[in-house]
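Values below: all heavy atoms of this structure, side chains included; hydrogens, waters and symmetry mates excluded. Throughout, protein chains are lettered first and strands after them, A, B, ... in sequence-line order, and every chain is numbered starting at 1.
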Amino acid sequence: MSDLTIILPDGSMRTLPEGATGADLAADIGPGLSKAAIIANVDGDGRDLDRALPDGATVAIVTADSDEGLQTLRHSTAHVLAQAVLELWPGATYAIGPPIEHGFYYDFELPGGGTFSDDDLEVIEDRMRLIVDADQVFERCEIGADEALELFADHRFKREIIEQVTSGDADTELAGEAAADGTVTYYRNGGEFIDLCTGPHVPTTGHLGHFALQKVAGAYWRGDERQPMLQRIYGTAWADKKALKGHLHRLAEAEKRDHRRLASELDLVSWPEALGPGLAVWHPKGALVRKLIEDYSRARHEAGGYDFVYSPHIAKSILWEKSGHLDFYADGMYPPMEVDGATYYPKPMNCPFHVAIFQSGQRSYRDLPRRFFELGAVYRYELSGAIHGLLRSRGFTQDDSHIFCTPDQVPDELSSLLDFTLSVLRAFGFEDFQAKLSTRPFEKSVGEDALWDLAIDGLRSALESAGLDYVVDEGGGAFYGPKIDVDVTDAIGRPWQLSTIQLDFNLPERFQLDYVGADGSRHRPVMIHRALMGSIERFFGVLIEHYAGAFPLWLAPEQVRVLPVADEHQAYAESVRDHLVAAQFRATVDPADEPLGKRVRAGKVAKVPHVLVVGDDDAANGTVGDNARGAEAPERDLPLDEFLERLSANVEARL
RNA sequence: GCCCGGGUAGCUCAGUUGGUCAGAGCAGGCGCCUUGUAAGCGUCAGGUCGUCGGUUCGAAUCCGACCCCGGGCUCCA
């Protein structure tokens, strides 16, 4: 009987008797690790702890505090969820149940088309806890495909997976469910319950426990709307109680930032039912902030070499036929209206109008690049279930531009465009960006290879010179050109996709655009679509969540609120306000007909950046007491002039 | 569009098995209080209980259809 040599992640060697398992290795290293071990990572692959280790392998013992361990934990918890549901609903069948970010889900089909209610979650969770308390062993089994089909005879989704996986054309979504080499792996625990799965799993259900079921949702089998609708249960699972509590706390915090809630609390925007879904009205305060955002955008574009244009909200069908929107995008368009024998459509995009402007005269290479900019309102018939406050609406305003340039100009144009984009986003307090470069689709696309290569290289070098992190989505571009999408990370770490820079080789072709080159002959320009904020509505919604409703001074609808201590200070309070207003600040007075404490609270709740309190001393000395938002204590006896200077400096710095 | 869950006063919500169940707090109006830092006191007004039909002696409550909202799926700025 020979020994095994195992290499640990730090490069050290360990010798174990032949047949030793991951669990043996963990125990050999130490009792703490032995207890915390979830799986073993053997030469890069996760394996159950009770499997024998091969000689010479590099093995890492995985615990729940690593991503891999956590993923295993969540996957195993999903199994227990399925076990509980199948025990509680005889005749139910199950589809897939993978780990996801922060947790897991499992899809089921209940007998007779039954559905889960929220109350069921509690019952299921109780049953899951019984299974965890029973500390059942997860037992790995391998069988042939035919045998597997028999074993899962009553479970059509499992059989579909087995058939697909063993025939070798499984997609990645299903790959974790069975092996591709003709054998099928399943796990058994508690004697009765089996589930198709390649594993690995935690050693026993007792290793689980810090989980919570969260919600019931419908989900199409394999994400395809032509397939049956299954019942999905979402849950979250963590390594320990503290992590679970932390996660639930973060969810509660995110909910407090919900822009729909804040928009109504801060009197910014509302969605009157009479308007229809996905259509908002902007109240004075919201409109003021929006105007500040738009003013800033316009100022930057003006300085950035853009020409401002405007276009109507509707146009005849011929325009949309020519642009191809009616062929490719008709589902997303509002239905047409018939007027004077012609058919008009509300615009879902601004591009054809900007093309029409380009076409209004003969263009020379000397005119290029030409950058048309418009805050253009568009209407898209979004699926009703997709609508979400300001983040996804049916009417929205793009900070849209179409740039027409020569192929030679593409690289420089892209590079300066990306810098411009990031610079504008940074003004709103976004510091972390993540970009995605989408390249030519593998299937059909238009445009010459050389043009695609030029554009993709241009996008890539723009990303690199901007020093931006990016991932490449090979084949992820539209049929008409490659693109860069830019995500920003908000104050609590959530990503939001805002900007998009998109090359278009199709529209110039469809509209037969040309310019006269230096050689005197006609050439086809390249078109770049780009939006920085994407949609003003959506951007505003993201900003509300990013700032948690506390807009920085330069964007705050009410910047200063002056509170006289008593009626006799009213005149002084008004003079302070008048000074502020004269210096271009947005300031109001809240008179003394309520106690000071109540008015201070009201100012704080309204997230006013500066709540000033003025009384006898202030009136006598020309000072104010400043309650700056976020400050622990008020700052008393601050000379008004000094306060004004500070405000100016902070507005200037966009703080 | 599909699955699940919801719509009660401007907002947040109570309303037990259909029968004083049309309520509370905040916000708003009006008085009193004159306040130095996160909710002073009193009082008044506000709702076709999402809409429309049905069951019933009687419906916020039960049933149906529709509208809208939320969470998902799909899609996307």
Side-chain angles (χ1 to χ4, degrees), chain A residues 105 107 109-110 113-121 214-234 255 258 260-261 264-265 267 270-279 329 331-332 348-349 378 380-400 485 496-500 502 529-539 541-542 563-570 591-606 611-618 624-627 631 633-637:
Chain A
Y105 67 79
D107 288 343
E109 188 175 59
L110 298 183
T115 56
F116 292 119
S117 71
D118 287 346
D119 295 339
D120 293 332
L121 291 186
Q214 295 174 298
K215 54 201 170 197
V216 180
Y220 298 109
W221 166 231
R222 311 184 60 183
D224 184 338
E225 59 186 330
R226 292 163 303 190
Q227 299 275 5
M229 174 71 69
L230 304 177
Q231 291 283 303
R232 175 171 297 179
I233 293 176
Y234 282 94
E255 198 177 324
D258 189 310
R260 292 161 303 190
R261 176 202 193 92
S264 119
E265 282 174 8
D267 195 18
S270 65
W271 292 267
E273 265 198 40
L275 304 199
L279 300 170
Y329 200 74
D331 288 349
M349 295 186 192
V378 296
R380 296 185 186 174
Y381 185 73
E382 299 291 344
L383 292 180
S384 61
I387 290 167
H388 182 87
L390 290 171
L391 300 180
R392 191 80 181 278
S393 55
R394 282 182 171 169
F396 61 96
T397 309
Q398 294 182 304
D399 61 330
D400 205 3
D485 293 315
W496 301 93
Q497 199 217 302
L498 297 179
S499 313
T500 180
Q502 173 114 41
H529 308 249
R530 45 111 285 185
L532 310 188
M533 299 170 185
S535 128
I536 303 294
E537 287 78 357
R538 177 180 158 83
F539 188 70
V542 171
L563 315 186
V565 171
D567 283 345
E568 66 219 67
H569 311 114
Q570 177 71 14
D593 27 86
E594 294 285 358
L596 184 61
K598 181 164 181 173
R599 288 177 288 143
V600 168
R601 178 182 147 79
K604 295 285 187 187
V605 168
V611 175
L612 301 187
V613 172
V614 294
D616 287 335
D617 301 346
D618 299 295
V624 298
D626 177 25
N627 295 273
E635 182 176 0
R636 295 280 298 270
D637 304 320

- Does a side chain donor of either A/Tyr234 or A/Arg232 reach within less than 3.5 Å of an acceptor in the other side chain? yes

- Query: Do A/Asp616 and B/G36 share a donor-acceptor pair, side chain to base, under 3.5 Å?
  - Reply: no

- Task: Give none if B/G1 has no partner; otherwise give the nucleotide forming a Watson-Crick or G-U wobble pair with it, both distances under 3.5 Å.
- Result: B/C73

- Task: With heavy atoms under 4.0 Å as the rule, sort A/Glu382 into base, sugar-phosphate or nothing.
- Result: base

- Sugar-phosphate, base or nothing in reach of A/Tyr381, heavy atoms under 4.0 Å: sugar-phosphate

- Message: Nearest to the side chain of A/Tyr234, heavy atoms from C-beta on, is which of B/G36, B/A39, B/G72?
- Response: B/G72

- Query: Among the nucleotides B/G1, B/C3, B/C68, which one has an atom lying closest to any side-chain atom of A/Met229?
  - Reply: B/C3

- Query: Does a distance-only test, which skips hydrogens and angles, find a donor-acceptor pair under 3.5 Å between the side chain of A/Tyr220 and the base of B/G1?
  - Reply: yes

- If you check the A/Val613 side chain, which of B/C73, B/G40, B/U37 turns out closest? B/U37

- For the side chain of A/Arg394, counting heavy atoms from C-beta on, which of B/U37, B/G1, B/A77 is nearest? B/G1

- B/G72 glycosidic torsion: syn (within 90° of 0) vs anti: anti

- Message: What contact category does A/Ser264 fall into here, base, sugar-phosphate, or nothing, at under 4.0 angstrom with non-hydrogen atoms?
- Response: nothing

- Assigned partner base of B/G46, Watson-Crick or wobble definition, under 3.5 Å: none

- Task: Report which part of the nucleic acid A/Pro277 touches: base, sugar-phosphate, or nothing (heavy-atom distance under 4.0 Å, all strands).
- Result: sugar-phosphate

- Query: Paired with B/G31 by Watson-Crick or G-U wobble geometry, both distances under 3.5 Å: which nucleotide is it?
  - Reply: B/C41

- Message: Just to be sure I understand the rule, does A/Arg380 reach a base, reach only the sugar-phosphate, or reach nothing, if contact means heavy atoms closer than 4.0 Å?
- Response: base

- Item | Cation over ring face, A/Arg380 and A/Phe396, 6.0 Å, 45° | no

- Query: Of the candidate nucleotides B/G71, B/C67, B/A77, which contains the atom at the shortest distance from the side chain of A/Arg538?
  - Reply: B/A77

- Message: Over all strands shown, is A/Lys598 touching base, sugar-phosphate only, or nothing at heavy-atom distances under 4.0 angstrom?
- Response: sugar-phosphate

- Let me know the distance between CD of A/Glu273 and P of B/U51, rounded to the nearest Å. 10 Å

- Query: Would you say the base of B/C75 and the side-chain of A/Arg392 have a donor-acceptor pair closer than 3.5 Å?
  - Reply: yes

- Task: Kindly indicate whether the side chain of A/Gln502 and the base of B/A77 share any N or O donor-acceptor pair separated by less than 3.5 Å?
- Result: no

- Hey, does A/Gly278 reach any base, or is it just sugar-phosphate, or nothing, if we go heavy atoms under 4.0 Å? sugar-phosphate

- Message: For a quick check of understanding: with a heavy-atom distance under 4.0 Å over all strands, which category does A/Phe539 fall into, base, sugar-phosphate or nothing?
- Response: nothing

- Query: With a non-hydrogen cut-off below 4.0 angstrom, is A/Asp617 in contact with a base, only sugar-phosphate, or nothing?
  - Reply: base

- Query: At under 4.0 Å between heavy atoms, what does A/Ala386 touch on the DNA or RNA strands: base, sugar-phosphate, or nothing?
  - Reply: base

- Message: For B/C62, give the paired nucleotide (Watson-Crick: N1-N3 plus N6-O4 or O6-N4; G-U: N1-O2 and O6-N3; both under 3.5 Å), or none.
- Response: B/G54

- Message: So A/Gln231, base contact, sugar-phosphate only, or nothing? Heavy-atom distance under 4.0 Å.
- Response: sugar-phosphate

- Message: Does A/Gly615 reach a base, just sugar-phosphate, or nothing at all? Heavy atoms under 4.0 Å.
- Response: base

